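Small disclaimer: the values here were computed from a predicted structure and weren't measured.
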Amino acid sequence: MDHAASDGYFSGPRHEALRADVRNFALTHITPLIAEMDRNGQVQHDLAWQIAKRGWIGVTIGPEFGGMGAGHLAKTIILEELSAVSAAAGAIAQASQLGVAKIVHYGTAAQQRKWLPLIAQGECLPTIAVTEEHSGGNVLDMAATAVRDGDDYILNGHKTFVGNSHVGDVHGVVVRTGPGSRGLTAFLVESTRPGFAQVPHPDSIALRGFSFGTITFDNCRVPMANVLGSEGDGLKVAYSSSLLYGRPNLTAVALGIHRSVHDVTSEFCRSQYRKDRPLYELPTVKDKLGRIHSLWLTARLAAYHAAHLLDSGVPCDAELINAKVVNVENLLQSIDLAMDIHGAPGLSGPRRMDRLWSDAQAMRPPAGTSGVQYLRLAEITVGASREPWSAVHGQATRSHGTW
């Protein structure tokens with residue numbers, strides 16, 4: 001099914017040319033890898049660098065640093081197209097695109113001159129590392145620390161569920177430097193620094209080929225020049241990155257998986273027959289297929305609308321949060337309906353429903369579960385939330401006019 005025109009309300013010719021380019025890359029270069037990725041689950045270092053060399057990690061980096069300057073709508077297209085073929089590939093791209101956020105929003109002029117051109121050229125893969133095993137989504141409960149020592153800081157502790165943990169070059173790490181909400185500070189930590197290490201990557205039933213493991217710091221010395229923003233800005237770095245990149249990124253990956261669920265199930269219903277009639281003509285199947293189509297269309301509209309608003313530089317925190325909720329919840333409903341339609345054939349063979357089901361489950365926790373998103377939406381509804389991050393960083397989120 002051709003989906004190129006279905007978001008035409010938001011996109012233009014350059015967006016559609018980008019969509020065609022990413023789709024061709026995914027079908028040509030990623031499809032042959034999927035069976036092996038599913039079998040061994042090994043981290044796809046080469047694929048990560050292939051994606052980076054296309055310039056797609058730098059999609060939101062301005063042209064003054066060699067980036068595409070194409071904005072979040074283009075980023076959504078890239079992630080959707082990659083994820084429709086392989087959610088692991090989409091996750092690889094989104095994790096490093098998320099790593100861009102901290103440098104764009106809080107990097108000093110010197111940090112931006114050093115790192116953004118390398119990322120845009122596909123010579124560096126950034127990450128963001130905030131979560132810890134015993135704190136989860138409660139950022140203020142983190143235990144990793146940094147202690148000032150002359151012109152350096154010494155980091156100790158760990159971060160887990162770090163997207164691109166085992167392929168990233170520079171990690172945006174948030175650790176505790178003092179008490180309370182102003183006691184968190186963000187650092188750029190290169191993976192080559194003494195005291196930095198990676199825990200052997202665990203196996204996973206989902207996103208096989210994507211690394212989301214644990215990194216550790218054992219008296220890891222980091223210079224003051226690597227502090228993002230100022231000491232005490234760590235909470236801002238974490239929250240703004242999660243909302244302005246994390247949520248729309250996961251939204252786009254979920255949308256790509258959803259599209260694959262939609263397309264694979266539609267084709268199954270057209271190609272399978274029961275009593276000389278196409279499967280889709282059975283009323284119970286037709287009802288489920290119609291609901292999948294509706295859920296997917298609604299999710300797509302929410303995703304592209306939020307990205308469009310973000311590119312326009314207008315306050316849209318609620319739309320970004322809602323897009324993540326709608327895309328994850330709709331995807332989970334669709335995958336259950338699809339599994340009902342496929343039955344036993346969906347658990348094996350070439351139709352990949354088992355992989356799509358597993359990858360869909362992996363969309364629940366990152367950037368906050370749906371329960372967390374509903375809490376944030378409630379705070380916005382009653383006016384109890386802080387100034388929208390999309391207003392604070394509105395200028396930095398705007399796409400360049402050529403797009």
Minimum heavy-atom distance [X]-[Y], with the two atoms named:
| X | Y | answer |
| --- | --- | --- |
| Ser241 | Leu98 | O-CD1, 3.3 Å |
| Gln112 | Pro117 | O-CD, 3.3 Å |
| Glu281 | Lys286 | CA-CE, 4.4 Å |
| Gly232 | Arg182 | O-NH1, 3.0 Å |
| Ala74 | Val59 | CB-CG2, 3.7 Å |
| Asp233 | Leu228 | CB-O, 4.3 Å |

Below 4.0 angstrom, N of the basic side chain to O of the carboxylate: do Asp317 and Arg376 qualify?
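Salt bridge: no.
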
- Below 4.0 angstrom, N of the basic side chain to O of the carboxylate: do Arg23 and Glu16 qualify?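 Glu16 and Arg23: not salt-bridged.
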
Can you find a pair of side-chain heavy atoms, one from [X] and one from [Y], that are under 4.5 Å apart?
| X | Y | answer |
| --- | --- | --- |
| Val328 | Gln373 | no |
| Gln111 | Lys114 | no |
| Leu184 | Leu140 | yes |
| Gln97 | Thr60 | no |

Can the ring centroids of Tyr245 and His105 be said to lie less than 6.0 angstrom from one another?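 That pair passes the under 6.0 Å test.
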
We want to know whether [X] and [Y] form a side-chain donor-acceptor pair, criterion being a heavy-atom distance below 3.5 angstrom.
| X | Y | value |
| --- | --- | --- |
| Thr251 | Asn327 | no |
| Arg364 | Gln361 | yes |
| Ser211 | His201 | no |
| Tyr153 | Thr185 | no |

Notebook entry, point to check: Taking the six-membered ring for Trp, are Phe268 and His342 parallel (under 30°), tilted (30 to 60°) or perpendicular (over 60°)?
Noted result: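 Because their plane-to-plane angle is under 30°, the rings of Phe268 and His342 count as parallel.
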
### Query
Sequence neighbours excluded, which residues qualify as side-chain contact (heavy atoms from CB on, under 4.5 Å) partners of Ala206?
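With neighbours one apart ignored, the set is Ser204, Ser358, Asp359, Ala362.
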
- Task: Please report the C-alpha distance between Ser96 and Asn164 in whole Å, then the side-chain angles of each, then the deciding distance to 0.1 Å, and finally whether the side-chain hydrogen bond (donor to acceptor under 3.5 Å, both in side chains) criterion is met.
- Result: CA-CA 7 Å; Ser96 280; Asn164 282 345; 3.0 Å; yes

